[in-house]
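Written below as C-alpha cells is the structure these notes are about.
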Amino acid sequence: MPSTREIRRRIRSVRNMSQITRAMEMVAASKMRRAQDRVTSGRPYAERLRDVLGDLASLQLGADEMAQFPLLQQRDVRRTALIVVTPDRGLTGALNSNILRRVTQYIRTEAGSTPPKVIAVGKKGRDFLNRTRQEVVAEFIQLGDRPSLDDIRPIVSVAVEEFLSGEVDAVHLLYPQFVNTLTQKPEVVQILPIERPEGDAGEGEDYIFEPNPKDVLNEILPRYVEVQVYQAVLETVASFYSAQMVAMRNATDNAKELVDDLDLAFNKARQAQITNEVAEISAGANAFRTD
Amino acid sequence: MAKLSMELVTGERVVYQADDVDMVVAPGSEGTLGILPNHAALISLLSAGEVRVKKGNQEDSLIVFGGFVEVLDNRVIVLADSAERAEEIDLERAVRARDAAEVSLRNESDRVSVAEADAALRRAALRLRIGERRRRNSSGAPR
C-alpha cells in the first residue's frame with residue numbers, strides 16, 4: 001500500500017488538474033455560445049443566396065451558354081481536390097480523430113483514381129495530411145475564432161484556380177458540421193462544379209437583370225462558393241468549442257471521482273498506520289511488563 | 001397601398017430588416033435604383049454606395065460595398081459583400097483610413113498597391129460622406 005504522503009501528493013495533483021480542466025470548460029462554454037451565434041447569423045445570407053440561385057435556375061441555358069460559366073461545368077472526374085477544415089487545437093475528445101477518419105475514408109473511396117489534392121484549413125488537419133504524405137497544395141492556419149469573409153477568399157481562390165485550370169474536376173469540402181453541443185458530424189459536400197439548387201422553375205418569373213443575366217450569374221456563383229466555405233469554417237469553430245467543453249467537463253468529472261477514490265485510499269492508509277503504531281506501542285509496553 | 005419588406009444581409013450578419021417600407025433606393029451597377037411597391041422582379045448588381053430605406057417619414061441610411069439586390073413579390077433582399085448602418089460608421093477611423101490611403105497613393109508605384117490604395121480611398125470617402133451627413137442631420141434641426 002502506498003504511503004499517506006504519496007497519496008496526498010497524488011490528490012493534490014489531480015485536484016490541480018481538475019481546476020485547469022474546469023477553467024477550460026468554462027472558457028470553451030462561453031466561446032461556444034458566441035461561435036454558435038455566428039453560425040446562425042451567417043445562415044440567412046447563405047439561404048438567400050441559394051434562393052436567388054434557385055430563382056435563376058428558371059433561366060434555361062443552352063450548352064454554348066453553359067460554357068460561359070466555367071464554375072458550373074460538369075466534367076468526367078479524374079482527380080478531385082479536398083478542402084479539409086479542422087480546428088487548430090486539440091483537447092476535444094474524439095472530434096479531431098473523427099474528422100481525420102472521415103478524411104482517410106474520403107481519400108480511399110470517394111476521390112478519383114489519383115489521390116486528391118488537398119487544401120488544409122486548420123493545424124490539426126495540416127499536420128495529419130503532412131504526416132500521411134498527401135499532396136497539400138495550400139494551408140491556412142490560425143484563422144481565429146472570428147474569421148471574416150476576407151480571410152476565406154484566398155482559400156476559395158486556390159480551389160477555384162485548381163478547378164479552372166483543369167488540374168482537378170471537382171472540389172469537395174470536408175468539415176465538422178455543428179449539429180448540437182453533443183454532436184458534431186464530419187460532412188463532405190461538393191462545392192465545385194456548382195450544383196444549382198432546384199428552383200420553383202414552374203412559375204418562370206421573368207426577372208429584369210441588370211446589367212445582364214451573364215454578369216449577374218458570374219458575380220453570384222463565386223460568392224456562393226465563398227459562403228459555403230465560410231459557413232464551414234464557422235461551423236468548425238462552433239464544433240471545436242462544444243467538443244472541447246464536453247471533453248473538459250468529462251475530464252473534470254473523472255478527476256472528481258479519482259479524488260474521491262484517493263481520499264478513501266488515503267483514509268484507509270492513515271487508519272492502517274495508526275493501528276500499526278498502536279500495536280507497536282502496546283507491544284513495547286508489554287515487553288516491560290514484569291509480573 | 002402595398003408595402004415592401006426589406007432585408008440587408010452580409011455573409012457575417014443580418015444588417016437591416018424592416019417591413020412596411022415605402023421605398024428603397026439602392027446603388028445599382030447601371031445607376032441608382034428606386035424601388036417602390038409592386039416593382040417588377042429584378043436582380044441587379046450593386047456598386048459601392050448608399051442604400052436608403054424610406055418608411056413613413058423616417059429614413060434609414062446604410063452603406064454597402066458591392067453585392068446584389070433581388071426584388072420579388074414586394075420583397076427586397078440586398079446581399080452585400082459588406083455593409084454597415086450609417087450610425088455604425090466610425091468617422092475617425094475613416095479619416096485615418098483616408099489619410100493612409102492618400103499617403104500610399106502618392107508613394108506606391110506598384111500597380112496592385114495603387115489599386116488597393118485607390119479602393120481604400122474610395123471606401124473611406126464614401127463612409128465620410130454618408131457618416132458626416134448623418135451627423136449634420138442628427139445635430140441640426142430635424143427635417
Legend entry - Set of ring-ring contact (aromatic ring centres under 6.0 Å, His included) partners for A:Tyr106, sequence neighbours left out: A:His172
Legend entry - Which atoms of A:Ile220 approach chain B - backbone, side chain, both or neither, heavy atom under 4.5 Å: both
Inset, instruction - Would you mind checking which part of A:Ser148 comes under 4.5 Å of any heavy atom in chain B, side chain (CB onward), backbone (N, CA, C, O), both or neither? - result: both
Legend entry - Lys/Arg-Asp/Glu bridge criterion (N-O < 4.0 Å) met for A:Asp51, A:Arg48: yes
Inset, instruction - Please determine if A:Arg75 and A:Asp169 form a salt bridge, counting it only when a charged side-chain N lies under 4.0 Å from a carboxylate O. - result: yes
Legend entry - Pair B:Glu30, B:Ser44: side-chain N/O donor-acceptor within cut-off below 3.5 Å: no
Legend entry - Polar side chain donor-acceptor pair, A:Asp145 to A:Tyr241, under 3.5 angstrom: yes
Legend entry - side-chain hydrogen bond (donor to acceptor under 3.5 Å, both in side chains) partners for A:Arg126, two or more places apart: A:Glu139
Legend entry - side chain to side chain donor-acceptor pair (under 3.5 Å) pairs, two or more places apart, involving residues 76-85 of chain B: A:Arg223-B:Asp81, B:Glu84-B:Arg127, B:Arg85-B:Glu87
Legend entry - Given B:Ile89, B:Ile63, B:Leu121, B:Val64, the one that forms side chain to side chain contact (heavy atoms under 4.5 Å, CB included) with B:Leu126: B:Ile63
Inset, instruction - Please list, in residue-number order, every residue in residues 3-20 of chain B that has a heavy atom less than 4.5 Å from any heavy atom of chain A; write 'none' if there are none. - result: B:Glu7, B:Val9, B:Thr10, B:Gly11, B:Glu12, B:Arg13, B:Val14
Legend entry - Atom group of B:Leu45 that falls short of 4.5 Å from chain A, counting heavy atoms: both
Inset, instruction - Pick whichever of B:Leu42, B:Val69, B:Leu33, B:Val71 has the most heavy-atom pairs under 4.5 Å with chain A. - result: B:Leu42
